[in-house]
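For reference, the structure is listed below as structure tokens.
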2 protein chains.
Amino acid sequence: MPPAERADAARNRAKVLEAAEQLFATRDPATVTMDDIAKAAGVGRGTLYRRYPDRASIARALLDAHEHEIQERLLRGEGPLGPEPATTPAERLSAFYSAMVRLLERHSHLLLGAETGPARLTTGAYGFWRAHVRMLAAAAHAPDPDVLADHLLAPLAPEVYRRHRDQGVSPERVEAALHLLAHRLLGDRTPNS
Amino acid sequence: MPPAERADAARNRAKVLEAAEQLFATRDPATVTMDDIAKAAGVGRGTLYRRYPDRASIARALLDAHEHEIQERLLRGEGPLGPEPATTPAERLSAFYSAMVRLLERHSHLLLGAETGPARLTTGAYGFWRAHVRMLAAAAHAPDPDVLADHLLAPLAPEVYRRHRDQGVSPERVEAALHLLAHRLLGDRTPNS
DNA sequence: CAGTCAAGTGGACACGATGTCCGCTTAGTG
DNA sequence: CACTAAGCGGACATCGTGTCCACTTGACTG
């Protein structure tokens, strides 16, 4: 039984997260150093490392809340995200894409700080998304859902999204392109904008 | 007019590339350091940095030959890769995917060494692939080819491919999944394995 | 075949980030 | 108030990067 967190520890945890949030939002996340975060939070390096072994784990902690929210909705299933009465797999994948675009739009800096490169695919969150999409692919009787799932998630790589946005592509356009993908790959043949 | 490369310089260039090739193939490319390469090649750090500012540029130099070969074929167009008589955009995209899978299979270590993370999207090579795929998407009258092109390339991220292979997925399965993608997204509605 | 000079070499150096270690501080408890 | 262990924080050792510069060597020239 973890004997509960001490008050100063909790205070510092909050200070760290707040400072990190700020830094990630302000500067390029890749250039933010552990030392920067420690200084900004007003704590020592040791304190920082005690809880967070690296930058990624901090970003992940910041993301956790938001990702859990989506995961909840996926499981419980309000609206088209969940297993509502008469929704097709394609519709549900579209809804998932929309939710992810919103997440990317709001927190792309965090996602870039946390999960760039090969590490992204080993996250717990990625595993969750993957399982969900795989299930949808299987439900749509698509061939080889195991491989397809990863291919369907690939366009959600933070670097791809960020690049689109930087080039003036609106979130809505990205979303539309993803909806096309969903409908063309998982089923019904009357898609389109 | 570049006054031609000196003999010792050429010799060292060769030694560096050979050593780097070895190292990238042997160890995890991400852990290979500039110093390692210099030592393995038997040259000083200064010599190494003179020509290659970082690990990525070395990996790219090693890849160049192979990528140019594909680019040649794309432009000249032997077989279904190029603008042969009566090939559909979907067919040409499939052929492109096949070529890329072969490249990934043979050189995924180099690709991981060179182009992981956001940097991948800024490569000259990526720009080339992108232009090609965009053109195919446009030819197929797909909506928003600019965005779709990146989404079609996303599954070719080296980390995705490597992960599949590491989990025992055969190149052929990956290829099949990509062919499905190509046919479902760019046109003819008689796809499938 | 010298002589010369710039291209090329290589290692020492300064810097910055990482992660660890350990003596001190402080919150929580009886 | 005293005690104890969780928590703190900065000093330290280590490593990789990139730069700099005194020296070497290949190539050209008279």
Side-chain angles (χ1 to χ4, degrees), chain A residues 1-20 22-24 26-62 109 112-119 122, chain B residues 1-20 22-24 26-62 109 112-119 122:
Chain A
M1 205 87 332
E5 189 179 42
R6 243 170 66 171
D8 53 349
R11 210 175 323 128
N12 277 338
R13 176 208 294 296
K15 283 200 291 181
V16 164
L17 290 181
E18 191 179 351
Q22 276 300 321
L23 287 176
F24 283 145
T26 307
R27 309 213 306 246
D28 170 16
T31 74
V32 175
T33 153
M34 284 287 137
D35 220 282
D36 293 337
I37 299 175
K39 276 205 177 56
V43 306
R45 301 177 54 66
T47 307
L48 187 54
Y49 274 101
R50 157 173 287 263
R51 237 185 310 269
Y52 304 108
D54 53 24
R55 204 177 32 243
S57 67
I58 300 181
R60 232 177 292 132
L62 286 167
H109 42 108
L112 281 170
E115 343 201 284
T116 253
T122 67
Chain B
M1 208 90 330
E5 190 178 42
R6 246 170 62 170
D8 53 348
R11 210 178 320 128
N12 277 339
R13 176 208 294 298
K15 282 199 293 182
V16 164
L17 290 181
E18 191 179 352
Q22 275 302 320
L23 286 177
F24 283 144
T26 308
R27 311 213 302 249
D28 171 16
T31 74
V32 175
T33 152
M34 284 286 136
D35 221 283
D36 292 337
I37 299 176
K39 277 206 176 53
V43 306
R45 299 176 54 63
T47 307
L48 186 55
Y49 274 101
R50 156 172 289 263
R51 239 185 310 270
Y52 304 108
D54 53 24
R55 205 178 32 243
S57 67
I58 300 180
R60 231 176 291 133
L62 287 168
H109 41 108
L112 281 170
E115 343 203 284
T116 252
T122 69

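Being a predicted model, the structure only gives us computed values, none of them experimental. Throughout, a chain's letter reflects where its sequence line sits, starting with A, and its residues are numbered from 1. Quick note: numbers below take in every heavy atom, side chains included, and nothing from hydrogens, waters or symmetry partners.
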Would you tell me if any nitrogen or oxygen in the side chain of [X] comes within less than 4.0 Å of OP1 or OP2 on [N]?
X       : N      : value
A/Asn12 : D/dG7  : no
A/Thr33 : C/dT18 : yes
B/Thr47 : C/dG10 : yes

Close side-chain approach of B/Phe24 to B/Leu62, heavy-atom, < 4.5 Å: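 Side chain of B/Phe24 against side chain of B/Leu62, heavy atoms only: contact under 4.5 Å found.
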With side chains defined as the heavy atoms from C-beta onward, is the minimum distance between B/Arg11 and B/Asp8 less than 4.5 Å?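 Result yes, sub-4.5 Å side-chain heavy-atom pair found.
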Can you give one letter per nucleotide of nucleotides 19-26 of chain C, 5' to 3': B if a protein heavy atom sits under 4.0 Å from the base, S if only from the sugar-phosphate, - if neither? BBB----B
Specify the separation, in whole Å, of atom [atom1] of [X] and atom [atom2] of [N].
X       : N      : atom1 : atom2 : result
B/Tyr52 : D/dG18 : OH    : P     : 16 Å
A/Asp35 : D/dG10 : CG    : P     : 10 Å
B/Leu48 : D/dG18 : CG    : P     : 10 Å
B/Lys15 : C/dG8  : NZ    : C1'   : 13 Å
A/Ile58 : C/dT18 : CD1   : P     : 10 Å
A/Arg13 : D/dA6  : CZ    : P     : 16 Å

Looking at A/Lys15, I want to see if its NZ is surrounded by more than 12 non-hydrogen atoms of other residues, nucleotides or ligands under 6.0 Å. yes
Partner residues of [X] under the side chain to side chain contact (heavy atoms under 4.5 Å, CB included) criterion, sequence neighbours left out:
X        : answer
A/Thr122 : none
B/Arg60  : B/Ala56, B/Glu115, B/Thr123
B/Arg50  : none

Could you tell me, to 10°, how much the axis swings from one end of the helix from C/dC1-D/dG30 to C/dG30-D/dC1 to the other, five pairs per end? 10°
Just one of B/Ile58, B/Leu17, B/Asn12 clears the side-chain contact (heavy atoms from CB on, under 4.5 Å) bar with B/Arg51, so which one? B/Asn12
Of the nucleotides D/dT17, C/dG10, D/dC8, which has the atom closest to the B/Arg55 side chain?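 Selected nucleotide: D/dT17.
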I'd like to check the salt bridge (charged side-chain N to carboxylate O under 4.0 Å, His left out) partners of B/Asp54; sequence neighbours left out, ordered by chain and number. none
Can you give me the closest heavy-atom contact between B/Val16 and B/Ala41, atom names plus distance? CA-CB, 3.8 Å
